[in-house]
Amino acid sequence: MHVTPPKVNGWTPLLMLICLTVTLGTTIPVGYFFGVLNAPAEIIKKWCQDILAAEYDTIVTAGQLDILWTSIVSIYLIGGICGSFFSAVVSDKYGRKGCMVISSMLLIVSGILFNWCRAAKSLEMLMTGRFLGGIASALIFTAQPMYLLESAPSELSGSVGVFTCIGVTGGILLAQVVTLSHLLGSERLWPYALSFYCLLVIPSLLLLWWFPESPRWLYLHKQDSAGSEKALLRLRGRNAEEEVHQELLELKATLEAKSSSEASSLCSVLRNRELWLPLLLVCSFQATQQLSGINAIFFYSLSILTNAGFSDGAATWLNLGIGSFNLCTSLLGPLLIRRFPRRPLMMISCSMCALALLAMSLGLFFLERSESTVLTYFCAAFILTFILGFQLGLGPIAYFIGSELLEDSPRPVAMSMGSLFSWIGNFLVGMCFPLLQSVWSSFAFIPCMCVCLYCLLLTWRYLPETRGREPKDVKLLMSHGLSSKRNGSGMYLST
């Protein structure tokens with residue numbers, strides 16, 4: 001006789017396996033793309049210079065080589081921006097799981113191009129692989145949070161939502177480890193370092209085929225009630241018929257309401273004034289997450305640490321330690337999101353990030369003039385404080401807040417818009433931060449501090465508390481848009 005394994009606080013073995021597998025196969029590769037080019041940058045730039053001279057009979061100056069390298073780094077972000085424009089359509093047409101399957105295949109194609117670009121002496125393969133990886137990452141950022149939140153029971157919405165942030169931080173750390181010079185970050189092995197993430201994508205893709213599709217997508221978009229019920233029974237366990245029946249009734253009511261309400265196209269969502277406030281929150285949170293300074297720290301952490309007075313060797317290992325600390329603090333996410341409301345976590349997070357950036361800027365300013373050993377360690381401590389603050393709210397909440405603020409119909413459009421603003425913010429940091437460093441030196445993080453303060457004020461004034469509430473209930477709290485007035489409990493009063 002088959003016995004379904006018991007649930008633990010809403011968790012089932014299948015749901016745990018889905019969260020771990022999807023994280024390993026989708027969001028860890030995204031984080032890996034962010035961090036993999038940092039350590040072997042000079043080696044790959046030298047290879048690019050040699051290829052241009054040998055294959056194209058072109059000798060480039062140091063400035064031209066820097067422009068080429070910036071293009072190689074940035075084309076991943078351009079791919080992400082392009083992918084954000086159609087990720088909602090793909091997610092709606094092929095399903096949340098189907099969208100992730102497509103993204104996994106794109107990641108594998110990118111890995112093949114990386115693996116053979118050196119042997120083929122092809123810059124085009126390297127850049128195409130980066131561009132396809134950006135498109136895949138945009139599809140992942142849109143579909144993966146929705147898939148997890150729509151597969152989990154409502155009481156676990158926050159807990160499963162933080163797996164996106166955990167995967168990205170884990171991928172950055174994995175890239176830092178793999179690209180160490182005595183591992184794969186050498187002149188001969190760097191193509192294998194770039195494609196290493198495929199070892200996670202391929203087995204995860206095989207399991208992903210076996211996982212159920214999002215039951216909400218099956219019911220509300222495909223109108224497949226039998227398929228939705230079958231998926232729910234797999235996710236909740238065979239002994240949860242009552243729970244599944246209740247969820248199906250809620251989905252039926254949602255479908256009836258949806259059929260008499262607005263469509264889910266981009267234009268219809270933008271025309272709906274009731275959605276302006278949640279769209280502002282989703283896009284602002286995603287943009288703030290990138291513009292807060294976290295990517296500047298990880299893009300340029302080695303130069304920041306050497307400017308703070310550490311030797312090259314010490315900076316490399318300290319950078320690895322910072323990546324490990326980033327992953328460890330992200331693991332606090334499931335506990336914090338499950339136990340504490342979203343609003344105070346976001347406000348504490350933004351406040352800590354702003355104060356840490358101000359302190360780090362002042363520390364670097366005085367360090368340039370005094371060369372104090374004590375200030376060197378204080379600057380490192382301010383970086384860790386910033387990362388801790390980031391992982392309290394800005395890191396995890398920005399990824400899934402759209403799924404808690406918006407109902408099923410406008411949700412994919414809102415998530416893709418948030419993804420678009422995230423990629424644009426990431427692109428701006430990559431392009432503008434070096435310029436800010438050259439002009440403002442130690443005060444290059446002040447604009448990031450201002451962005452954190454903006455997010456703090458936006459959260460305090462407009463974000464309703466979503467913990468323990470269904471999107472249809474949250475919608476009523478923001479129906480007056482920017483004219484809504486919040487009361488002391490984080491709810492809104494009509495005006």
Side-chain angles (χ1 to χ4, degrees), residues 13-37 39-40 75-76 79-80 83 87 90-91 94-120 122 125-148 151 160 163-180 183-186 188-214 234 327:
L14 178 59
L15 182 59
M16 292 180 184
L17 180 63
I18 287 174
C19 290
L20 293 175
T21 302
V22 169
T23 300
L24 288 172
T26 59
T27 51
I28 282 183
V30 172
Y32 194 86
F33 265 86
F34 282 130
V36 72
L37 291 183
I75 200 169
Y76 170 66
S87 58
V90 175
S91 180
Y94 299 104
R96 318 313 189 209
K97 187 183 85 167
C99 186
M100 289 191 294
V101 168
I102 293 171
S103 67
S104 297
M105 291 179 174
L106 287 174
L107 288 174
I108 292 172
V109 172
S110 296
I112 294 172
L113 292 172
F114 292 147
N115 205 56
W116 292 100
C117 67
R118 183 173 180 269
S122 173
M125 291 176 68
L126 175 61
M127 298 190 74
T128 303
R130 294 280 296 173
F131 182 75
L132 292 178
I135 293 177
S137 299
L139 297 178
I140 289 168
F141 275 150
T142 298
Q144 189 261 4
M146 288 194 295
Y147 179 66
L148 294 186
S151 298
V160 299
F163 277 91
T164 308
C165 184
I166 291 173
V168 172
T169 56
I172 293 173
L173 177 61
L174 180 63
Q176 291 175 332
V177 173
V178 170
T179 54
L180 289 172
L183 292 179
L184 297 182
S186 64
R188 185 173 62 89
L189 299 177
W190 65 262
Y192 304 110
L194 267 58
S195 59
F196 182 83
Y197 66 87
C198 288
L199 296 180
L200 299 177
V201 175
I202 294 173
S204 298
L205 177 59
L206 297 177
L207 279 174
L208 189 59
W209 281 106
W210 174 73
F211 292 154
E213 179 55 90
S214 160
R234 289 185 63 191
L327 177 60

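- Annotation: side chain of Leu107 is not in contact with side chain of Leu205 (no heavy-atom distance under 4.5 Å).
- Note that CG of Leu199 is 9.5 Å distant from CG of Leu174, once rounded to the nearest 0.5 Å.
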Checklist entry - Step by step, would you call Phe33 with Val30 a side chain to side chain contact (heavy atoms under 4.5 Å, CB included)? => result CA-CA 5 Å; Phe33 265 86; Val30 172; 5.9 Å; no
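- Shortest non-hydrogen contact noted between Arg118 and Arg188 is NH1-O, 3.9 Å.
- Considering only residues two or more places apart in sequence or on other chains, Ile75 meets the side-chain contact (heavy atoms from CB on, under 4.5 Å) condition with Met127, Arg130, Phe131.
- In plain terms, the two heavy atoms of Ala120 and Met125 that are nearest each other are CB-SD, 3.6 Å.
- Judged as a side chain to side chain donor-acceptor pair (under 3.5 Å), and not counting sequence neighbours, Thr179 has no contacts.
- Looking at every heavy atom in both residues, Ile166 comes nearest to Leu327 through O-CD1, 4.0 Å.
- Put simply, OG on Ser104 and CG on Leu200 are 11.0 Å apart, with the number rounded to the nearest 0.5 Å.
- Atom CZ in Phe196 sits 12.0 Å away from atom CG in Leu189 (nearest 0.5 Å).
- Contact check for Met146 versus Ser91: side-chain heavy atoms found under the 4.5 Å cut-off.
- When side chains are defined from C-beta on, Leu126 counts as touching Phe114, because their heavy atoms get closer than 4.5 Å.
- For the pair Ile172 and Gln176, the minimum side-chain heavy-atom distance is below 4.5 Å.
- Applying the side-chain hydrogen bond (donor to acceptor under 3.5 Å, both in side chains) test to every pair with at least one member in residues 195-211, sequence neighbours left out, gives these pairs: Asn115-Ser195.
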Please tabulate, one pair per line, all N/O donor-acceptor pairs under 3.5 Å involving side-chain atoms of residues 13-23, not counting sequence neighbours.
from: Thr21; atom 1: OG1; to: Leu17; atom 2: O; distance (Å): 2.7
from: Thr23; atom 1: OG1; to: Cys19; atom 2: O; distance (Å): 2.6

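- A 4.5 Å side-chain heavy-atom check between Phe163 and Thr27 finds every atom pair outside the cut-off.
- For Ser122, the side chain to side chain donor-acceptor pair (under 3.5 Å) partners at least two apart in sequence or on another chain are Glu124.
- Rounded to the nearest 0.5 angstrom, Met100 CE and Tyr147 OH are separated by 5.5 Å.
- Counting heavy atoms from C-beta outward, Leu183 and Val178 have side chains that stay 4.5 Å or more apart.
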Using atom types as modelled, flag every donor-acceptor pair under 3.5 Å from a side chain in residues 136-143 to any protein atom, sequence neighbours excluded.
from: Ser137; atom 1: OG; to: Tyr76; atom 2: OH; distance (Å): 2.8
from: Ser137; atom 1: OG; to: Gly133; atom 2: O; distance (Å): 2.8
from: Thr142; atom 1: OG1; to: Ser87; atom 2: OG; distance (Å): 2.8
from: Thr142; atom 1: OG1; to: Ala138; atom 2: O; distance (Å): 3.3

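- Rounded to the nearest 0.5 angstrom, Tyr94 OH and Cys99 SG are separated by 10.5 Å.
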